[in-house]
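Worksheet for the structure shown next.
Numbers restart at 1 for each chain; the letters A, B, ... are given by sequence-line order, proteins then strands.
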Amino acid sequence: MSDFIADIAVNIPLKQLFSYRIPESLVSSTDVGMRVKIPFGRRLTVGFILSIRNGDAAGLKDLQGLFEDEPILSSELIKLLRWAADYYCHPIGQVVRTALPAALGNEKTTVKIRTEAIYQPLDPEIKLRGKTQQELLTFIIQEKSVGLTRIREQFSAPHAALKRLVEVGALQCDERELCRDPFRLDKLPVDQCITLNSAQSEAVDRITSAIDDNCFSGFLLHGVTGSGKTEVYLHSVDQCLAAGRQALVLVPEISLTPQLVSRFRARFELKGIRIAVLHSGLSSGERYDAWREIMRNQIQIVIGARSAVFAPLQNLGLIVVDEEHESSYKQAEGFRYNARDLALVRGQQQHCPVLLGSATPSFASYYRSEQGALTRLTLDKRVHAGDLPKVEIIDLKEQVCDGELSNVLIEAIQQALEQQEQVLLLLNRRGFAPFLLCADCGETFCCPNCEITLTYHQQKRELRCHYCDYVDVVPESCHKCQGLNIEPQGAGTEKLEEELEKLFPSARIKRMDRDTTSRKGAHQNIMTEMMARKIDILVGTQMIAKGHDFPGVSLVGVLAADSTLNIPDFRSGERSFSLFTQVAGRAGRASGGGKVYIQSYNPEHYALTCAAEQDYHQFYLQELPFRQELGYPPCGHLVNLVFSGNNNHQVQAAAKQFSSFLFRVAGSVEILGPSPCPLARLRGKSRYQILLKAAARPDLRRLLNRLDEQIAQLPRQVTLHIDVDPIDML
DNA sequence: AGCACGCCGACT
DNA sequence: GTCGGCGTGCTC
């Protein structure tokens with residue numbers, strides 16, 4: 001006897017699917033991709049049908065019901081999710097849940113679909129007595145079909161009149177599904193369609209022909225800051241829509257890129273093209289609405305951060321990944337996928353081009369473009385006449401400093417202020433001082449959970465851990481020797497702000513870091529003030545290097561470049577180069593001749609000299625041998641196994657046992673560790689890691705496939721996180 | 001992850 | 001004598 005069997009993903013930390021019989025009564029209405037109710041163990045839960053097959057259902061439980069009458073996941077999306085679960089060694093159920101709006105992964109909650117009453121004229125000739133009724137009817141006849149919300153905007157209390165009109169047969173009333181539109185109230189920005197320069201139009205041509213070919217191809221758009229990458233995106237997306245297909249645009253963080261979103265809206269919304277913007281501020285209901293609309297092909301363009309790579313567009317023609325070097329494309333917890341890499345996979349699966357764009361491409365993408373796996377398109381001229389700024393590296397070994405600022409930089413700031421120009425200062429460390437030190441006995445004050453020093457925040461008068469947010473009071477005396485000489489060491493943005501206030505008492509100084517932008521809209525406020533030139537000096541962490549251009553800035557200073565350079569990670573050079581180049585690019589966009597100073601004790605470092613020259617290729621050539629010799633990505637491949645648990649000994653023992661198994665089956669894969677993680681304790685848990693390194697992916701893959709047997713042997717108190725292609729190993 | 005079962009200590 | 005601690009096993 002042959003039954004219909006559904007293979008279902010359930011949100012538990014297991015890799016396998018669970019099979020259920022589809023009862024006769026549901027056979028006709030059940031489909032792949034649907035969200036279903038299933039009995040699981042002794043409870044009821046939610047699952048997603050990933051495939052349906054024929055077979056013997058003996059011993060299987062029955063599917064209990066459907067949540068919706070249409071699928072939530074398309075077959076293309078299922079293919080991508082299964083690929084990702086396999087590649088990232090992560091349980092499929094959790095992969096599905098990460099991809100979906102939270103409201104859909106939740107048990108019990110059937111998401112409320114908001115509806116509104118919609119009115120249409122039935123009999124316009126009908127005789128009416130009331131003036132309001134007559135006006136209402138005229139309005140509705142004019143509009144043909146109107147929702148209640150729209151009526152409310154025009155009439156103050158329409159209820160009674162509407163009710164009457166329906167009763168007498170003048171109007172027909174229906175329920176319509178309402179999709180919450182967060183931009184409903186924003187006014188549409190003005191589009192300034194710019195004619196493309198030759199480099200831009202060549203790039204667009206290449207992308208357009210790839211769209212028309214209907215097959216995958218990967219592009220790296222390398223355009224210096226201010227070279228007009230966004231305009232290339234806009235034209236390419238336009239071509240994609242003209243070909244009758246949809247576009248997906250990924251950005252690192254929507255809140256930091258409001259101008260990209262508004263340029264898309266300005267360009268396309270007047271033409272009646274619908275854009276869905278998926279950002280972190282959406283309520284779960286709004287997110288769900290957007291998902292449904294995309295799924296139903298009512299949306300042509302999706303703009304969103306990392307998780308938007310899973311947006312259920314059915315007819316993709318182009319995927320754009322803006323600022324592709326940004327590490328925020330990698331999810332750091334749970335299902336540790338990289339949206340930039342998945343975008344390329346999705347492009348391959350759905351036969352559409354993928355466009356990665358950046359002023360400072362990731363080393364990996366540039367490498368792939370050198371190898372020919374990505375087609376490189378270069379924009380090397382700024383569109384707004386402004387020249388690239390002059391960059392000077394200040395050798396701190398030979399400079400007199402007042403606090404954090406060298407005399408050269410102080411003078412430059414003075415000059416800029418006199419000329420009514422704005423100054424941008426980057427110090428990649430928030431708080432007042434990175435740690436407190438007892439001058440009598442040398443004691444430092446550490447986080448009890450994380451084994452790193454607590455950062456001193458002067459304004460809030462507290463010590464705070466930047467990893468777990470542990471807070472302590474500022475000590476009056478040393479807890480070890482009772483000494484009273486406790487001194488802040490090093491400097492953060494808070495201290496720099498204080499120094500600047502003393503040096504330039506009449507300047508308007510603002511600080512922008514995680515502490516001053518935690519309130520909603522605070523980030524945007526600072527940006528707006530900066531644009532309106534209500535700020536003379538803006539101090540901040542790497543946050544100031546992202547997003548907005550500031551036309552009024554003529555001077556940029558990078559302080560303590562070494563703190564970024566010396567992070568013990570093989571990518572610190574890449575990150576520093578990228579950060580310094582990006583922040584330097586903020587200077588003098590409009591008016592020519594911006595000036596940039598980088599202060600460092602290590603002025604010969606190629607990440608600095610290349611950033612000073614704004615020479616990406618030179619940086620690449622310097623970095624390449626280092627990666628090749630050590631077999632680091634992209635010249636080799638990494639997987640990090642992170643073991644964590646409350647009991648340090650237990651975690652260490654488990655990691656050791658695991659590594660002895662790995663050594664036995666390693667083959668050509670290098671096994672490094674186990675060693676305590678760079679942050680050996682984090683949020684109260686002990687952590688050990690084993691790094692797997694291989695020259696070829698298939699070797700690594702083979703090893704990963706053998707891991708399951710060993711994972712089953714782990715004691716329950718120790719958990720293992722597998723991080724495929726880790727981007728930071730902290 | 002949930003949820004049950006089961007085996008030990010400290011309480012009415 | 002029970003209430004409840006958390007180790008262990010299982011989920012189509």
Side-chain angles (χ1 to χ4, degrees), chain A residues 1-27 30-67 72-73 78 81-82 84-86 88-109 284 331-337 641-654 657-658 683-686 707-723:
Chain A
M1 196 33 204
S2 187
D3 295 285
F4 285 104
I5 297 172
D7 296 314
I8 294 178
V10 186
N11 182 25
I12 49 165
L14 292 175
K15 290 189 176 177
Q16 81 259 37
L17 296 174
F18 292 82
S19 303
Y20 288 79
R21 190 181 84 98
I22 306 174
E24 240 94 292
S25 60
L26 290 176
V27 166
T30 304
D31 202 354
V32 170
M34 280 184 161
R35 193 162 72 112
V36 292
K37 214 174 285 176
I38 47 168
F40 191 74
R42 263 149 280 228
R43 65 202 158 107
L44 275 180
T45 189
V46 183
F48 291 87
I49 302 182
L50 298 197
S51 60
I52 294 177
R53 60 195 160 87
N54 277 111
D56 183 7
L60 300 184
K61 291 185 180 175
D62 272 11
L63 246 175
Q64 222 187 56
L66 313 174
F67 279 94
I72 297 293
L73 304 167
I78 290 173
L81 295 175
R82 294 186 86 153
D86 184 54
Y88 289 106
C89 302
H90 203 77
I92 181 71
Q94 283 170 213
V95 168
V96 171
R97 193 212 254 267
T98 318
L100 290 171
L104 285 170
N106 251 316
E107 280 104 77
K108 296 161 218 149
T109 54
S284 71
Q331 176 132 58
E333 304 188 306
F335 168 36
R336 304 179 181 212
Y337 66 100
L641 306 178
V642 182
F643 300 81
S644 65
N646 293 321
N647 182 319
N648 182 51
H649 288 294
Q650 205 178 19
V651 178
Q652 188 181 27
Q657 207 191 339
F658 209 99
R683 293 176 245 272
K685 299 227 187 271
S686 286
L707 248 45
D708 287 343
E709 35 177 318
Q710 199 58 30
I711 291 169
Q713 308 285 306
L714 279 175
R716 248 185 145 161
Q717 298 87 336
V718 177
T719 49
L720 168 61
H721 294 285
I722 302 177
D723 194 349

Quiz item: Which residues satisfy the salt bridge (Lys or Arg N to Asp or Glu O under 4.0 Å) test with A:Arg336, sequence neighbours excluded?
Solution: A:Asp723
Practice problem: Name all pairs fulfilling the salt bridge (charged side-chain N to carboxylate O under 4.0 Å, His left out) condition that reach into residues 7-17 of chain A, sequence neighbours left out, sorted by first residue then second. | Solution: A:Asp7-A:Arg53, A:Lys15-A:Asp708
Self-check item: With sequence neighbours excluded, residues passing side-chain hydrogen bond (donor to acceptor under 3.5 Å, both in side chains) with A:Gln652
Solution: none
Quiz item: How would you list, by chain and number, every residue that makes a side-chain contact (heavy atoms from CB on, under 4.5 Å) with A:Leu60, sequence neighbours excluded?
Solution: A:Ile5, A:Ser19, A:Ala57
Self-check item: Pairing residues for A:Asp62 by the side-chain contact (heavy atoms from CB on, under 4.5 Å) criterion, not counting sequence neighbours
Solution: A:Arg21, A:Pro23
Quiz prompt | Base-contact (B) and sugar-phosphate-only (S) positions in nucleotides 5-12 of chain C, heavy-atom cut-off under 4.0 Å, - elsewhere | solution = ---BBBBB
